[in-house]
Every structure is written in C-alpha cells, then in structure tokens.
Visitor: 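Here it is, the structure, as structure tokens.
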Amino acid sequence: MATKANSVPYPTLIKVFKIECIDWTGAQIGNNDTSDDIKNVDLTKVHNLSGPVAVEGAEPGDCLVVDILDVTPFEKMPWGYTGIFELQNGGGLFAREFNSKACKAIWDLEGIYATSRHIPGVRFAGVSHPGLIGTAPSAELLATWNQREGALIEANINSVPPVAFPPEPKGAYVGQDLPQAVLEKIAKEGARTIPGREHGGNCDIKNLSKGSRCYFPVFVKGANLSVGDLHFSQGDMSFCGAIEMAGIITFKTSIIKGGVEKFALKQPIFLPSPVDPLYSAKLVFEGISVDYHGDGKQYNMDATVAYKQAALNAIAYLMKAYLLLSAAPIESHVGAIVDSPNACVTLALPLGIFEHDILPKPEGLEKKDFGQCAIRSDGIV
C-alpha cells in the first residue's frame with residue numbers, strides 16, 4: 001500500500017479512553033496568595049500519576065503507539081500555578097544562584113489563554129500537555145536505574161540540591177490491592193519519577209499536546225501506561241515549574257508488534273503536535289559556556305551553563321521574569337556545539353505575550369509596576 005511521504009499509517013488494535021489526573025503534588029498547592037504551600041510541599045509524595053493502564057496485546061519488545069487527542073483542565077478547576085521551590089526543598093536550575101525561597105503565581109485558564117493576577121500585563125496561549133507519560137520498566141531495567149543513579153548519588157553525596165533521588169518508601173503510594181509484602185517491595189525499590197528515562201517519564205516536552213503521537217518501548221506485558229503532571233503551558237526548558245494543573249487527557253493507543261527491534265527503539269520517539277501558538281516576533285537572548293553571571297569560569301562546550309546564562313540574561317533584562325520564563329511559550333535552541341570551548345544556546349521570548357513593548361530603546365526600558373507574586377507569609381523572599 002502506497003502512502004504519502006508525510007503520512008503516518010496507523011497500526012492495529014486501536015483503543016480510545018480518557019484519564020483524569022490530579023496535579024503532580026496531589027493537590028498540595030492551593031489557589032491563594034501565599035507560597036507557604038510551595039515552601040512546605042511534601043516532595044516524597046510526587047509525582048501523583050494516573051494508571052497504570054494495561055493495553056491488551058502489548059508484549060515486551062513491542063512499540064506502544066499513543067496518540068494524544070486532547071488535554072484540558074477540569075471544568076470546575078480552571079486555574080493552574082507556577083512555583084519556585086526552596087533551595088532545601090525541591091530547588092531548581094537556579095536554586096543556588098538565587099538561594100531560592102518559595103514563591104508562586106496563580107494562572108486563570110480561559111479557553112486557550114492564561115493570565116495571572118500575580119504577573120499582570122501578560123497573556124498567552126497555552127499548549128497543554130502531559131509533563132510525565134511512559135510505560136512501565138521491567139524488573140531488570142528498574143534494577144539498572146537504581147544501580148546507576150545510586151552510583152551517581154554516592155559520588156555526589158553532599159550536593160545541594162541532590163543530583164538524584166533514590167527509592168523512598170515514605171510517601172510511596174500504590175493504588176492497587178496487593179499483598180503487603182509486594183507493596184513494601186514496591187515502596188523500597190520503586191524508582192522516583194523525577195527524571196525521564198528509557199521508558200519516557202518526566203520529560204516535560206511542551207509540544208506533546210493535542211495532536212501528538214508517542215512511540216514507547218514496551219518492557220512488560222500490557223505495557224502499563226501511566227500519565228500525570230499535566231501542564232497548561234510551559235517553555236522549552238522549564239526550571240521552576242510550568243503552569244501545573246489538574247485535568248483530563250484523552251488517548252488513542254495501538255501496538256506495533258516487534259517495534260523495539262524494527263525501530264532500534266532505545267527510548268521513546270515523539271511526533272509533536274502541529275498545533276502551536278503563532279508568535280512570529282521574538283526577542284532572542286544568547287548564552288555561552290562562561291559563567292559570567294557567577295565567577296566568570298570558562299567551561300568546555302557545556303550547553304547547560306550556556307542555557308543558564310541565556311536565561312539569566314533574559315531575567316536581568318526584564319528584571320522580573322523567573323516565573324514567567326518557565327510558564328510562557330519560550331523557545332530554546334542549541335545554536336552551536338562545534339566551536340570549542342563555547343557551546344551557544346539561545347532563548348527566544350515571544351513579544352506578543354506582553355501588553356507593553358519590551359524591545360530595547362535608546363532611553364532604556366520603561367519601568368512598570370508588575371505587582372507581586374505570591375510569597376511566604378513570613379515575608380521572606
């Protein structure tokens with residue numbers, strides 16, 4: 001059968017279903033004007049996921065195809081939040097640079113648009129997506145994760161925030177009626193859901209929205225698909241939380257038999273959604289592998305350092321943008337990783353999300369009162 005070059009033929013065994021998802025913290029964060037809930041969030045309870053959903057016919061070595069048909073907030077909960085976490089409780093990409101203290105912004109979600117009483121003067125279209133989605137690992141793959149991440153933790157035992165998190169029985173929750181010994185084994189050995197891995201997981205890919213297709217390797221019978229951490233919007237590289245929300249996601253699943261071997265599938269493959277907000281005009285900030293916002297140290301082809309510098313340049317330019325850059329549809333690109341010693345990374349900020357002009361002018365930027373994000377009740381920021 002001939003197909004168009006840009007078409008993707010559907011495999012067989014198609015199933016459509018909806019899944020309800022609580023927010024990733026398990027409803028620990030409220031729609032209010034203090035960040036005490038962010039400060040005191042119990043991170044042993046995250047991520048709260050829905051599933052696993054067994055897909056009939058899926059066997060190890062197959063490829064589970066997941067089409068994302070829709071992602072929406074609950075009708076009676078049209079709001080979300082973005083948070084900055086404490087250095088000692090969650091941290092983030094800039095936790096050490098800013099000695100992070102808890103703060104947050106509440107966003108009102110109306111149709112495809114988000115606005116915030118805590119970040120006035122901004123309105124943008126969201127690209128709703130699951131921050132976390134994936135299949136279940138086999139027992140062998142789970143053991144591999146724990147071994148390699150345990151070695152990393154051991155080599156960086158005093159790191160703040162930690163470089164990784166080992167299995168943590170406290171806060172572990174399994175929503176199935178299983179023998180006590182099995183529940184205890186799961187709590188003791190189950191991998192934390194914080195990083196993405198071979199099965200998918202917490203990858204935070206903003207364009208996995210309505211109209212996307214995901215190809216997941218299957219490691220156990222039934223695949224055991226789980227999902228959660230729904231986002232109304234997020235930039236390409238989130239460093240303090242997207243617009244987190246509770247809501248409903250609609251899937252269509254199917255199976256490609258033997259897909260792992262057919263596609264050399266070591267990790268998931270994604271076909272992003274064609275639906276994307278159109279922001280043609282952007283202000284682009286550049287960063288290189290030099291910590292010029294810190295001690296000025298030169299790094300060799302370090303794209304993470306370069307990205308942090310690009311983001312810090314944008315934060316310094318706008319003077320109040322830490323929360324915004326995580327929630328808004330910014331775009332980040334690796335510009336160059338061939339010219340040693342500097343990798344070059346760019347961060348593009350859409351001009352159309354602002355109600356005022358943010359372009360550079362001879363007289364400088366006009367200072368405006370952009371209000372106050374929600375802070376701790378003790379006033380510490």
Side-chain angles (χ1 to χ4, degrees), residues 15 17-30 37-38 40-62 64 66 74 85 88-90 130-154 157 161-203 216-230 244 246-249 251 253 255 268:
K15 304 178 187 301
F17 53 95
K18 295 178 182 289
I19 297 181
E20 294 185 343
C21 298
I22 198 169
D23 85 278
W24 72 290
T25 70
Q28 295 185 63
I29 311 303
D37 45 12
I38 295 284
N40 299 317
V41 64
D42 183 354
L43 295 177
T44 68
K45 297 180 178 180
V46 303
H47 293 81
N48 281 257
L49 304 180
S50 296
V53 176
V55 179
E56 184 179 0
E59 300 285 347
D62 292 344
L64 178 67
V66 179
F74 286 120
F85 293 86
Q88 302 292 341
N89 188 30
L132 198 159
I133 179 174
T135 53
S138 64
E140 295 77 15
L141 182 57
L142 176 60
T144 297
W145 292 350
N146 288 335
Q147 186 279 325
R148 73 189 186 200
E149 292 174 22
L152 179 65
I153 293 169
E154 183 66 27
I157 196 68
V163 295
F165 295 86
E168 173 56 77
K170 178 185 176 184
Y173 175 75
V174 180
Q176 299 181 50
D177 185 15
L178 299 173
Q180 185 61 33
V182 175
L183 292 174
E184 291 176 358
K185 182 177 176 62
I186 293 172
K188 182 180 178 181
E189 300 178 9
R192 299 298 300 277
T193 57
I194 296 166
R197 300 182 179 93
E198 291 91 328
H199 69 311
N202 190 32
C203 297
F216 292 108
V218 175
F219 302 102
V220 299
K221 183 177 180 179
N224 286 357
L225 178 70
S226 294
V227 64
D229 188 22
L230 300 188
E244 311 285 349
I248 302 171
I249 187 165
F251 289 136
T253 62
I255 302 165

Visitor: With sequence neighbours excluded, tell me which residues meet salt bridge (charged side-chain N to carboxylate O under 4.0 Å, His left out) with Arg197.
Guide: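 Testing Arg197 for salt bridge (charged side-chain N to carboxylate O under 4.0 Å, His left out), a comparison that skips the adjacent residues, returns Glu149.
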Visitor: If I take atom CG from residue Leu152 and atom CD from residue Gln147, how far apart are they, to the nearest 0.5 angstrom?
Guide: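 So the CG of Leu152 and the CD of Gln147 are separated by 11.0 Å.
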Visitor: Just by modelled atom types, is the Pro167 backbone N or O under 3.5 Å from a matching donor or acceptor in the Asn146 side chain?
Guide: no
Visitor: Between Val53 and Thr253, does a side chain to side chain contact (heavy atoms under 4.5 Å, CB included) hold up when you go through it step by step?
Guide: CA-CA 11 Å; Val53 176; Thr253 62; over 6 Å; no
Visitor: How far apart are the closest heavy atoms of Leu64 and Ala223, and which atoms are they?
Guide: CD2-CB, 3.9 Å
Visitor: Can you classify the ring geometry of Phe85 versus Trp24 as parallel (below 30°), tilted (30 to 60°) or perpendicular (above 60°)?
Guide: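 The rings of Phe85 and Trp24 stand perpendicular, inter-plane angle above 60°.
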Visitor: Quick one: pull up CZ in Phe74 and CD1 in Ile22 and give me the separation to the nearest 0.5 Å.
Guide: 8.0 Å
Visitor: Keeping Asp62 on the side-chain end and Val218 on the backbone end, is there a donor-acceptor pair under 3.5 Å?
Guide: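 No, Asp62 side chain to Val218 backbone: no donor-acceptor pair under 3.5 Å.
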Visitor: Can any side-chain N or O of Thr135 pair as donor or acceptor with the backbone N or O of Phe216 at less than 3.5 Å?
Guide: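 The answer is no, because no donor-acceptor pair under 3.5 Å joins these two groups.
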Visitor: Between Gln28 and Asp37, does the side chain to side chain contact (heavy atoms under 4.5 Å, CB included) criterion hold? Intermediate values first, please.
Guide: CA-CA 7 Å; Gln28 295 185 63; Asp37 45 12; 5.9 Å; no
Visitor: Among Ile133, Leu132, Val46, whose side-chain contact (heavy atoms from CB on, under 4.5 Å) with Asn202 holds?
Guide: Leu132
Visitor: Using a 4.5 Å cut-off on heavy atoms from C-beta on, say whether the side chain of Glu140 contacts that of Phe219.
Guide: no
Visitor: What closest approach, in Å, do Arg192 and Thr44 show between heavy atoms, and which atom pair accounts for it?
Guide: NH2-CA, 3.9 Å
Visitor: Identify the heavy atoms of Leu230 and Ile248 that sit nearest to each other, and give their distance.
Guide: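 Taking every non-hydrogen atom into account, CD1-N, 4.0 Å.
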Visitor: Can you tell me if Asn89 uses its side chain to pair, donor with acceptor, with the backbone of Val41 under 3.5 Å?
Guide: yes
Visitor: Could you tell me how the ring of Phe251 sits relative to the ring of Phe17: parallel (under 30°), tilted (30 to 60°) or perpendicular (over 60°)?
Guide: perpendicular
Visitor: How far does OG of Ser138 sit from CG of Asn224, to the nearest 0.5 angstrom?
Guide: 12.0 Å
Visitor: If I compare all heavy atoms of Gly228 with all of Cys21, which pair ends up nearest, and what's the gap?
Guide: CA-SG, 4.2 Å
Visitor: What closest approach, in Å, do Ala191 and Trp145 show between heavy atoms, and which atom pair accounts for it?
Guide: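 Scanning both residues, the minimum pair turns out to be CB-CE3, 3.8 Å.
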Visitor: Would you confirm whether Glu244, through its side chain, and Asp23, through its main-chain N or O, come within 3.5 Å as a donor-acceptor pair?
Guide: no
Visitor: So which heavy atom on Ala58 is nearest to which on Ile255, and how close?
Guide: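 Looks like N-CD1, 3.3 Å.
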Visitor: Within the distance-only criterion (no hydrogens, no angle test), does the side chain of Ser226 pair as donor or acceptor with the backbone N or O of Gly51 below 3.5 angstrom?
Guide: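 No, the answer is negative, given that no donor and acceptor are paired below the 3.5 Å cut-off.
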